[in-house]
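Whatever order the structure lists ligands and atoms in, that order sets their numbers, starting from 1.
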Amino acid sequence: MTDHPLDPLSADEFTAGRELLAEHGLLGPHTRFAYFGLEEEPKDAVLAHRPGTPPARSLRALLIDVVSGELSDVVVSLTDRAITSHRPLDPAVDGQVPILEQDFVRAEEIVHADEGWRAAMAKRGLTDVSKLRACPLTAGSYGFEDEQNRRMVRVLAFVQADEHDLAWAHPVDGVAAYVDLIEGRVFRLVDELDLPVPAQSGNYDDPQVSGPPRTGLRPIEITQPEGPSFTLDGNALEWQNWSLRIGFDAREGLTLHQIGYDDGGRRRPIIYRASIPEMVVPYGDPGPTRYWQNYFDSGEYLVGRLANSLQLGCDCLGEIRYLDATVSDDHGRPRTISNAICIHEEDAGVLWKHTDIFSGSAQTRRQRRLVISFFSTVGNYDYGFYWYLYLDGTIEVEIKLTGILFTSAYRGADWPYATEVAPGLGAPGHQHLFSARLDMMLDGLGNSVEEIDVHGVPVGPDNPYGNALTRTITRLGTESQAGRLAAPERGRVWRVVNPSVTNALGQPVGFTLFPQPNPTLLADPSAPLYGRAGFATKHLWVTRYDPAHRYPAGDLVNQHPGGAGLPQFAAGDHDITDTDVVLWHTFGPTHFPRPEDWPVMPVDRCGFTLKPSGFFDRNPALDVPAPASGHCHAGP
Ligand code: CO
């Protein structure tokens with residue numbers, strides 16, 4: 001029984017939603033669900049919800065008839081047992097619905113059956129088609145005449161010598177098949193280069209490759225003999241003054257709702273909704289087989305639907321509580337991913353410490369964090385999404401990037417767009433650009449955003465010795481002014497404030513976003529990708545809350561011609577002062593692979609931090625008790 005409007009959909013709710021769609025004649029024999037998920041109630045309805053009242057529940061379905069290619073966007077209300085909206089989609093304008101699970105199998109079947117593709121493989125000595133793996137890679141939108149009005153993917157192939165072989169080690173370069181998924185055929189074959197297929201095994205789980213296991217690693221056991229310090233009631237999580245609700249969506253993965261902090265009995269809202277609703281991975285190899293490689297892992301592949309079932313002792317260590325996630329399969333039937341969300345507490349080193357030279361007081365407190373995470377496998381890469389809440393009011397996001405590089409044949413040092421990671425094996429340079437959506441509500445909905453730069457001051461009457469340093473604080477006034485780049489040389493941060501609520505010092509309460517400044521989208525402004533990934537051209541956007549503004553690259557991303565999403569939202573140019581604002585933050589690495597990233601990549605990290613800045617009156621963690629006696633002592 002669902003008792004909160006933001007609870008994730010249950011299996012029964014998926015089934016009921018599917019039945020209603022069928023009763024209304026919307027499901028034909030060839031209908032597939034490219035997305036099926038919770039249609040969240042409007043914010044005012046959620047905020048007005050009182051426990052004990054049954055919440056209104058709706059589902060959104062993106063449907064495709066895989067024979068006719070017809071698309072529709074349907075919202076069905078479980079509460080009213082009715083279709084709320086039913087809109088046919090025009091792919092030329094709206095974009096295509098996401099990749100289906102069945103497309104992974106179909107793409108391979110289609111190229112295997114294609115004479116031209118088989119001939120291109122045979123030309124390279126690859127005659128055993130059963131050993132050739134094919135990836136359905138999203139096509140982007142380049143305006144080519146023969147790509148109009150097609151639901152398509154581009155397919156690159158890899159050799160898998162046997163069923164245990166790591167196929168990514170053996171890319172077949174120079175051949176790309178463009179596949180129409182509705183017609184079920186290859187409509188264009190690119191066969192440009194003949195490069196040798198890299199031969200060295202990448203089987204990192206084979207002792208022949210990894211070598212014998214190293215020794216000397218003694219056990220580390222994490223124990224919490226009295227259990228963890230958080231409580232989980234359904235999807236409501238409470239820990240050390242923090243409270244929030246956990247959600248999960250096939251497209252966005254983990255969603256956090258109504259993050260608040262109990263400050264001496266006052267429950268103070270901080271973020272209404274937080275998620276990482278998009279990421280794009282643009283590759284930088286301009287060659288004829290690869291210039292189109294850029295994947296929107298959320299909007300095109302549904303990063304949440306691809307979540308892993310986590311394993312205690314491997315993925316998560318210590319006193320873990322798991323939540324299952326329910327998504328739908330291509331047929332709209334519920335599929336439960338067990339142990340998809342991991343919740344636990346971690347020691348996080350020193351929280352604060354001082355040894356006073358005058359009073360002799362020597363005090364140390366330990367920091368802890370509450371960790372809420374999930375892992376998703378999108379083709380070759382694996383991404384861990386970690387949200388951390390700390391005892392001092394800090395919120396942090398960390399993405400862990402691991403898995404396998406996307407590989408090519410290495411073309412040599414005169415092709416500066418890839419690095420050689422194993423003999424003859426290239427890995428094109430690329431970016432991982434994530435977008436965080438932070439729907440803020442610091443002590444209420446009326447929030448503003450300031451840009452804060454630090455800088456020195458020229459010598460002058462006030463600054464005769466030139467040591468002055470100060471800050472410039474600029475209120476971001478409208479959406480068009482709020483598309484911002486980080487400036488690490490100025491220590492640029494963005495502070496969200498509630499101008500109507502002050503702390504004990506009379507300052508507006510605030511939280512500051514500290515970015516990890518990395519390059520934004522490096523594609524040329526004339527590139528088709530630039531228009532499709534417009535969100536990634538700025539580190540920060542601030543928009544006025546609009547329930548339709550959910551996805552930074554727009555609603556339907558797959559094959560979308562571009563122009564949707566954040567640049568379009570910001571073009572509305574609404575006033576964003578003292579109103580309900582949403583922060584959007586782009587972050588992530590630009591990655592030129594190293595040999596050490598092969599054959600499986602040690603975790604790389606990226607993320608950002610939100611710190612209270614005048615939200616509290618002083619260090620909110622003075623009341624953290626000293627470590628229990630017996631735990632602190634000098635020496636062994
Ligand atoms: Co990478």
Side-chain angles (χ1 to χ4, degrees), residues 135 137-138 140 154 156 158 166-171 173 198 202 204 253 276 278-287 289-303 306-308 373-386 397-411 415-422 425-436 515-523 527 529 532-533 535-537 539 552-553 557 585-608:
C135 293
L137 302 167
T138 49
R154 306 183 202 273
L156 298 177
F158 297 83
L166 185 80
W168 309 105
H170 314 300
D173 212 336
Y204 52 86
I276 312 289
E278 194 52 271
M279 52 178 298
V280 63
V281 190
Y283 285 79
D285 183 331
T289 327
R290 299 179 178 277
Y291 66 88
W292 44 264
Q293 275 195 286
N294 50 76
Y295 312 123
F296 293 74
D297 285 345
S298 306
E300 293 178 334
Y301 287 102
L302 305 192
V303 76
L306 299 169
N308 293 180
S373 69
F374 81 106
F375 242 102
S376 180
T377 301
V378 191
N380 52 307
Y381 261 106
D382 301 75
Y383 296 102
F385 295 79
Y386 287 70
V397 168
E398 183 175 67
I399 312 286
K400 301 184 183 184
L401 306 92
T402 180
I404 316 296
L405 300 168
F406 205 104
T407 52
S408 63
Y410 183 61
R411 290 172 63 173
W415 186 253
Y417 311 108
T419 50
E420 188 175 28
V421 296
L425 183 69
H430 57 275
Q431 301 187 275
H432 301 261
L433 297 167
F434 299 86
S435 176
Q516 285 173 2
N518 271 313
T520 52
L521 185 70
L522 293 171
L529 174 64
R532 302 183 64 234
F535 78 89
T537 62
H539 288 109
V557 180
H585 176 41
T586 304
F587 62 96
T590 295
H591 186 192
F592 276 85
R594 311 167 297 157
E596 291 89 342
D597 290 333
W598 186 256
V600 61
M601 187 176 135
V603 163
D604 192 15
R605 294 176 162 80
C606 63
F608 63 91

**Request:** Please check if any side-chain donor atom of N518 sits under 3.5 Å from a side-chain acceptor atom of T590, or the reverse.
**Result:** no
**Item:** Straight-line distance of F375 CZ to T402 OG1, nearest 0.5 Å
**Value:** 6.5 Å
**Asked** Are D597 and H591 close enough that a side-chain donor and a side-chain acceptor fall under 3.5 Å?
**Response** yes
**Message:** Within 45 degrees of the ring normal and closer than 6.0 Å to the centroid, is that where the cationic atom of K400 sits relative to Y386?
**Reply:** yes
**Item:** Atoms of the protein (N/O/S only) found under 2.8 Å from the Co ion (ligand 1)
**Value:** Y381 OH, H430 NE2, H432 NE2, H591 ND1
**Message:** Using 0.5 Å steps for rounding, measure from the CE atom of M279 to the OG atom of S435.
**Reply:** 11.5 Å
**Item:** Rounded distance [0.5 Å steps], OG in S408 versus OH in Y283
**Value:** 10.5 Å
